[in-house]
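Indexing begins at 1, ligand by ligand and atom by atom, following the structure's order.
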Amino acid sequence: MGRKPYPEGTRDKFAVSGFNSAASDGGPRGSVSIFDTTLRDGEQSPGIALNPDDKIAIARALDDLGIDYIEAGFAGSSDLEKDIVRSIGKLGLEATVCTLARSVRADIDAALEADLGYVHTFIATSDIHMRSKLKMSPVEVKAAAVDSIEYARDHGLRVMFSCEDATRSDLAFLKDVCLAAQDAGAECINIPDTVGVIAPKAMGLLVKELCSVLRVPVSVHCHNDLGLALANTLAAVDNGATMVQGTVNGIGERAGNVALEEVAVDLYAFYGIETLDLSKISAVSQTVGRITAFPMAPNKPIVGRNAFSHEAGIHVHGVMNDPATYEPFRPEVVGADRHFVVGKFSGSSMVGAKLKRLGIRFPEERMPELMEAVKRFSVADKEISDAELETIAYDILWKGADAESPCRLEEMTVITGMSTTPTATVKLSLPDGTTATQAETGVGPVDAALNAIRRAMHPGMTLEEYKVSAITGNSDSLCQVVVTLKNVQGDGRLAFGRAIGPDIVQASVDAMMAAINRDYASVRRERREY
Ligand code: KIV
Ligand code: ZN
């Protein structure tokens with residue numbers, strides 16, 4: 001397929017177990033080709049529907065990735081689908097473009113009408129499918145398989161044939177149908193684990209058995225219902241399969257198909273087999289993710305957001321010394337980046353290194369304060385973004401200027417809801433040693449809380465300016481509140497306060513208290529200086 005060999009040094013970027021080679025079941029037979037069904041089985045995922053432009057964009061990305069066969073759709077399902085499949089066939093891709101077809105002549109005709117040169121025919125061979133779905137006898141099933149393959153061959157098409165639900169079929173019948181399909185002209189026999197029900201050892205035995213009777217290449221198509229799609233695919237390759245079917249990001253019916261990015265990385269990691277262009281994996285995964293809008297688990301292997309993210313101090317330290325300590329391979333192999341995540345398990349050396357990278361000069365002696373704030377703000381396993389870390393650091397530096405707090409908020413209750421007037425009650429301890437308790441209403445909970453503090457402090461105190469900003473785009477992200485007060489002590493002075501936190505009411509109140517304390521601190525300073 002004219003693939004470029006992997007760049008020199010790629011092997012050195014992997015650090016997998018030395019036990020793998022010792023445990024191989026005879027090992028794969030040379031090269032493995034990759035058959036992608038993102039546009040057919042992948043589109044069958046509940047929640048995914050692709051328009052023609054989407055499909056064309058994905059087909060181009062798959063071709064760029066080095067896919068050998070692209071199943072562009074199911075031409076016999078509708079005229080629109082046939083048109084899309086035809087357009088993809090005409091893109092001039094390097095990959096061989098094909099369509100799925102049931103073992104009926106009408107579907108072969110649809111493949112011909114779509115101007116394709118390759119068709120993937122299938123029919124179920126398990127008792128349960130023949131009895132409950134097809135309502136056909138084994139003899140009829142075999143005859144339909146042979147007839148459609150011969151019909152396709154007679155019309156000049158290349159054919160791959162699949163025994164749907166092969167892994168729950170009777171072995172003697174399965175072999176009989178596969179041999180008949182081979183004799184009828186199928187150039188490749190695909191063994192689908194349609195419902196994801198086989199275990200890796202059994203898959204290995206089944207493929208070995210079929211390879212021993214067939215002369216054409218054997219392919220596998222593994223679904224992930226029991227979480228074994230990848231293990232079964234590798235077991236099949238280890239026992240002689242030379243083609244793998246799957247989808248990008250593992251999308252597909254129910255729990256999905258085997259994820260081709262995992263197949264490509266693992267074939268190289270465990271057997272040194274070169275298939276897709278690994279360096280394009282992240283980009284293509286993102287393209288497919290964006291177009292399908294199918295959510296991906298952050299811990300998805302190879303392409304998940306967390307695949308190369310490290311948070312725990314011990315791990316970060318190890319990776320900083322040598323990435324192989326906690327990474328099976330370097331992220332750049334698949335075009336990804338490594339992330340050091342700031343969160344509640346972070347150590348101060350990584351946070352310090354991150355601050356340096358952000359260009360923030362943060363005093364070493366105040367790191368414990370910063371780490372305490374990081375842990376406090378990363379409640380509920382929240383990750384602290386770079387922007388949030390920067391804000392927390394500056395907030396600590398800013399507060400450092402006026403460490404005294406003669407006024408303290410001792411208690412606060414805020415009541416809000418629908419059809420109720422937002423009301424706040426606060427109790428403040430004041431610089432003269434007394435306390436003040438006040439209640440106020442407002443247009444919302446923030447307004448009510450700030451009004452109550454104003455009333456408790458000084459009747460003439462006014463809020464000259466109030467600004468709030470979310471530091472990142474989520475509803476649980478930190479927000480920053482900046483306030484300017486006038487007349488905190490009835491002397492017409494302006495005082496400025498700032499605070500951050502995940503709760504907007506608390507951050508607003510903290511900013512107001514910071515401004516009040518700042519006002520007291522600066523009056524004291526002036527008096528001392530005077
Ligand atoms: O899962 C399956 O059996 C299939 C076939 C049509 C190949 O998708
Ligand atoms: Zn399938």
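- Considering backbone and side-chain atoms alike, Thr194 places an N or O below 3.5 Å from some N or O of ligand 1.
- Neither the backbone nor the side chain of Arg254 comes within contact range of ligand 1; no heavy atom lies under 4.0 Å.
- Between Phe329 and Phe14, the ring planes are parallel. Angles under 30° get that label, and only those over 60° would be called perpendicular.
- Looking at ligand 1, you'll find an N or O of His221 within less than 3.5 Å of one of its N or O atoms.
- With hydrogens left out, the protein atom closest to atom 6 (C) of ligand 1 is Arg40 NH2, 3.7 Å, a heavy atom.
- With the Zn ion (ligand 2) as vertex, His221 NE2 and His223 NE2 subtend 100°, rounded to 10°.
- Polar contact with ligand 1: present for Asp41 (N/O pair, distance under 3.5 Å).
- Between Lys55 and Glu43, at least one side-chain N (NZ, or NE/NH1/NH2) sits under 4.0 Å from a carboxylate O, which counts as a salt bridge.
- Residue Glu253 does not count as close to the Zn ion (ligand 2), with no N, O or S atom under 2.8 Å.
- Looking only at N/O/S atoms, Asp41 comes nearest to the Zn ion (ligand 2) through OD2.
- A salt bridge links Asp386 with Arg357: at least one charged nitrogen is closer than 4.0 Å to a carboxylate oxygen.
- In summary, Lys4 and Asp277 do not engage in a salt bridge, as defined by a charged side-chain N under 4.0 Å from a carboxylate O.
- A 4.5 Å side-chain heavy-atom check between Gln245 and Asp41 finds every atom pair outside the cut-off.
- Some N or O of His223 is nearer than 3.5 Å to an N or O of ligand 1, by distance alone.
- For Ile128, the CD1 atom is loosely surrounded, since the number of other residues' heavy atoms within 6.0 Å does not exceed 12.
- Between Lys300 and Glu261 there is a salt bridge, with a side-chain nitrogen of the basic residue lying less than 4.0 Å from a carboxylate oxygen of the acidic one.
- Residue Glu164 has at least one heavy-atom neighbour below 4.0 Å for each of these atoms of ligand 1: 3 (O).
- Remark: distances from the non-hydrogen atoms of His120 to ligand 1 include one below 4.0 Å.
- Taking the six-membered ring for Trp, Tyr326 and Phe308 have ring centres at least 6.0 Å apart.
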